[in-house]
Amino acid sequence: MSEETLLVTGGAGFIGSNFIPYFLEAFPKYRILNLDKLTYAGNLSNVSECAGNPRYSFVQGDICDAVLVNDLFTQYDIRGVFHFAAESHVDNSISGPLPFIKTNIEGTFTLLEAARKHWMDAPGRVKAGYENCRFHHISTDEVYGSLGETGLFKETTPYAPNSPYSASKASSDMLVRAYHHTYGLNVTTSNCSNNYGPKQHQEKLIPTIIRKALAGQPIPIYGDGKNVRDWLYVLDHCKGIALVWQKGRAGETYNIGGRNERNNLQIVDVICGLLDELKPAADGQPYKHLVTFVKDRAGHDRRYAIDASKLETELGWKAQETFETGMRKTVQWYLQTHYK
């Protein structure tokens with residue numbers, strides 16, 4: 001097999017399914033093996049554009065299945081990992097935390113163990129020919145906890161996760177770090193801010209606003225709607241991940257953020273304005289009148305914002321979409337794909 005094969009976990013989910021088509025086009029010397037359990041959050045239609053690509057393969061399976069994962073490493077001679085697979089919905093982690101512990105912690109451990117066995121002879125000793133193999137772990141800014149009205153999360157910010165979801169992701173980050181420091185495994189980690197864009201699961205904020213608005217139903221906004229997030233267009237995130245995997249320093253963490261802080265009221269305002277323009281309501285009413293405030297989420301972090309300057313200065317990454325251009329592309333994609 002002339003091309004090296006890289007494993008992408010969770011490649012039928014939101015970010016992974018945007019990453020795979022981008023990576024196959026941008027890096028033609030690699031093959032991609034997509035391992036996805038296809039839970040409610042994964043959908044093969046998300047990667048339908050890759051189905052006929054000879055450099056793309058799909059396996060349905062669980063990252064916690066050590067036998068399967070090790071077999072795939074051997075069968076495909078995996079030379080790199082992009083680890084996207086994760087339970088990621090905070091509300092679900094509050095009502096039922098166990099899948100988050102299993103997938104995000106045990107699953108990450110299973111993958112790290114397989115990479116260590118396949119790429120290394122002993123701690124600090126890489127197998128001949130496997131010197132360039134790298135495990136890239138995709139994480140979240142939620143591991144840092146909540147910010148006040150000012151300040152930014154840096155790579156040096158102490159971890160202070162506040163939900164079962166963010167605690168499970170913080171645990172997985174620590175495992176990745178430990179495998180680098182204990183065994184010398186070549187790892188990198190990226191912690192991103194809130195992603196938006198095509199293919200996002202309908203449970204998330206932006207698809208929910210679009211879906212409810214077009215159905216003429218109440219648009220639910222938690223609390224007072226003033227929780228602030230830093231929003232990152234998904235393709236900008238994918239480009240950052242590829243750059244860290246390609247050029248980042250082993251053992252390092254890189255924060256990826258869009259420098260687009262918005263609160264939920266601003267988000268719903270922009271989306272409703274775009275829908276008013278692109279698909280006006282039949283009754284002529286502005287969609288914003290559907291906004292309804294609902295009981296706030298338990299332990300809801302008030303503000304996240306990322307300082308991406310390490311990635312920008314060390315590796316030259318820069319978000320290409322502004323919030324306005326990215327959100328317009330996102331709304332147009334949903335209208336063309338789901339609401340023709």
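As the structure is a prediction and not an experimental result, all values here were calculated from the model. Numbers here are sequence positions counted from 1.
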Establish, yes or no, whether the cationic atom of R79 lies under 6.0 Å from the six-membered ring centre of Y130 and within 45° of the ring axis. yes
Would L185 and M174 show up in the same hydrophobic cluster when neighbours are defined by side-chain heavy atoms closer than 4.5 Å? no
About how many Å separate SG of C192 and CD1 of I241, when rounded to the nearest 0.5 Å? 7.0 Å
State plainly whether one hydrophobic cluster holds both V81 and Y30, where clusters connect Ile, Leu, Val, Met, Phe, Trp and Tyr through side-chain heavy atoms under 4.5 angstrom apart. no
So for atom NZ, which belongs to K247, do other residues, nucleotides or ligands contribute more than 12 heavy atoms lying within a distance under 6.0 Å? no
Hphob cluster co-occupancy, I219 + W231, side-chain heavy atoms under 4.5 angstrom: yes
Short question: side chain of N18, backbone of V234 - any donor-acceptor pair under 3.5 Å? no
Listing request: all side chain to side chain donor-acceptor pair (under 3.5 Å) pairs with a residue in residues 264-276, at least two apart in sequence or in separate chains. D269-K288
Tell me whether L232 shares a hydrophobic cluster with V228, the cluster being built from Ile, Leu, Val, Met, Phe, Trp, Tyr side chains joined at under 4.5 Å. no
To the closest 0.5 Å, what do you measure between CD (Q217) and CG (L290)? 9.0 Å
Say whether Y254 and E314, considering side chains only, have a donor N or O and an acceptor N or O under 3.5 Å apart. yes
Determine whether S48 and S45 satisfy the following criterion, side chain to side chain donor-acceptor pair (under 3.5 Å), listing intermediate values before the conclusion. CA-CA 5 Å; S48 56; S45 67; over 6 Å; no
Spell out, as yes or no, whether a donor-acceptor pair under 3.5 Å connects the side chain of H181 to the backbone of A178. no
Using modelled atom types only, decide if a donor and an acceptor are shared between the side chain of R259 and the backbone of A319 within a distance under 3.5 Å. no
Roughly how far, to the nearest 0.5 Å, is CG of N186 from SG of C133? 8.5 Å
Is the shortest distance from a Lys or Arg side-chain nitrogen in K102 or E87 to a carboxylate oxygen in the other one below 4.0 Å? no
Y165 backbone acceptor or donor facing S93 side chain under 3.5 Å: yes
So, K117 side chain and L112 main chain: donor-acceptor pair closer than 3.5 Å or not? no
Are E324 and R262 ion-paired here, with the side-chain N under 4.0 Å from a carboxylate O? yes
Judged by modelled atom types alone, do Y334 and Q200 share a side-chain donor-acceptor pair under 3.5 Å? no
May I ask you to check whether over 12 heavy atoms, not counting those of K239, lie within 6.0 Å of atom NZ? yes
Does the side chain of D77 pick up a donor-acceptor pair with the side chain of H118 at under 3.5 Å? yes
Would you say T157 and D307 make side-chain contact, with heavy atoms under 4.5 Å? no
Mind telling me whether F27 and Y22 have parallel, tilted or perpendicular rings, with 30° and 60° as the class edges? perpendicular
Would you please say whether a donor-acceptor pair under 3.5 Å links the side chains of Y144 and N255? yes
Below 4.5 Å, heavy atoms only, C-beta onward: do I32 and R55 meet side chain to side chain? no
So, for N260 and D230, which heavy atoms are closest and what is the spacing to 0.1 Å? N-OD1, 2.9 Å
Using a cut-off of 6.0 Å, state whether more than 12 heavy atoms not belonging to N132 lie near its atom CG. no
Closest non-hydrogen atoms of L275 and I210, given as atom of the first, atom of the second and distance, are CD1-CA, 4.3 Å
Show your working on ring pair (Phe, Tyr, Trp, His ring centres under 6.0 Å) between H180 and F135 and close with a plain yes or no. CA-CA 10 Å; H180 176 70; F135 187 109; over 10 Å; no
Could you go through I63 and T110, starting from their C-alpha distance and side-chain angles, then the distance that decides it, and tell me whether this counts as side chain to side chain contact (heavy atoms under 4.5 Å, CB included)? CA-CA 7 Å; I63 58 170; T110 302; 5.8 Å; no
Show, in sequence, the C-alpha distance, side-chain angles and deciding distance for I256 and L311, and conclude whether the side chain to side chain contact (heavy atoms under 4.5 Å, CB included) test is met. CA-CA 7 Å; I256 309 180; L311 180 61; 3.6 Å; yes
Are K199 and F14 in a cation-pi setup, meaning NZ or CZ lies under 6.0 angstrom from the ring centre and within 45 degrees of the ring axis? no
Is it true that D141 and K169 have a side-chain N and a carboxylate O under 4.0 angstrom from each other? no
From L111, T5, L35, residue fulfilling side chain to side chain contact (heavy atoms under 4.5 Å, CB included) relative to I78: T5
Centroid-to-centroid, F323 to Y196, below 6.0 Å? yes
Donor-acceptor pair, side chain of R229 and main chain of N195, under 3.5 angstrom: no
Might you point out which heavy atoms bring P280 and E277 nearest each other, and give the distance in Å? CD-O, 4.2 Å
With a 4.0 Å cut-off on N to O distance, would you call E321 and K329 a salt bridge? yes
Angle between ring planes, F19 versus F82, binned at 30° and 60°: parallel, tilted or perpendicular? tilted
Evaluate whether atom CD of E149 has more than 12 neighbouring non-hydrogen atoms of other residues, nucleotides or ligands under 6.0 angstrom away. no
In terms of side-chain heavy atoms, does S171 have a donor or acceptor partner in S168 at a distance below 3.5 Å? no
Heavy atoms of I206 and T330 approach each other most closely as CG2-CG2, 4.3 Å
Would you confirm whether T253, through its side chain, and E155, through its main-chain N or O, come within 3.5 Å as a donor-acceptor pair? no
Let's go through Q60 and D36 carefully: what are the C-alpha distance in whole Å and the side-chain angles of both, what is the deciding distance for side chain to side chain contact (heavy atoms under 4.5 Å, CB included) to 0.1 Å, and is it a yes or a no? CA-CA 5 Å; Q60 183 172 353; D36 197 297; over 6 Å; no
Thinking salt bridges, do E252 and K310 make one under a 4.0 Å N-O criterion? yes
D173-N191 side chain donor-acceptor pair, cut-off 3.5 Å: yes
Reported CE-to-CD distance for the pair M327 and Q332, which is rounded to 0.5 angstrom: 12.5 Å
We want to know whether H137 and T189 form a side-chain donor-acceptor pair, criterion being a heavy-atom distance below 3.5 angstrom. no
Name the orientation class of the two ring planes belonging to W333 and H338 (parallel below 30°, tilted from 30 to 60°, perpendicular beyond 60°). perpendicular
Rounded to the nearest 0.5 Å, the OH atom of Y56 sits from the CZ atom of F23 at a distance of 14.5 Å
Any luck finding a side-chain donor-acceptor pair between N227 and Y222 under 3.5 Å? no
Show the numbers, then the answer: is there a side chain to side chain donor-acceptor pair (under 3.5 Å) between Y304 and N194? CA-CA 9 Å; Y304 308 143; N194 276 34; over 6 Å; no
Polar side-chain atom of R134 near backbone of G248 as donor-acceptor pair, under 3.5 Å: yes
Tell me whether S166 contacts the main-chain N or O of P164 through its side chain, where contact means a donor paired with an acceptor under 3.5 Å. no
Taking the side chain from W245 and the backbone from G240, do they hold a donor-acceptor pair closer than 3.5 Å? no
Applying side chain to side chain contact (heavy atoms under 4.5 Å, CB included) to V244 and H136, what does each step give before you reach the verdict? CA-CA 8 Å; V244 171; H136 182 75; 3.6 Å; yes
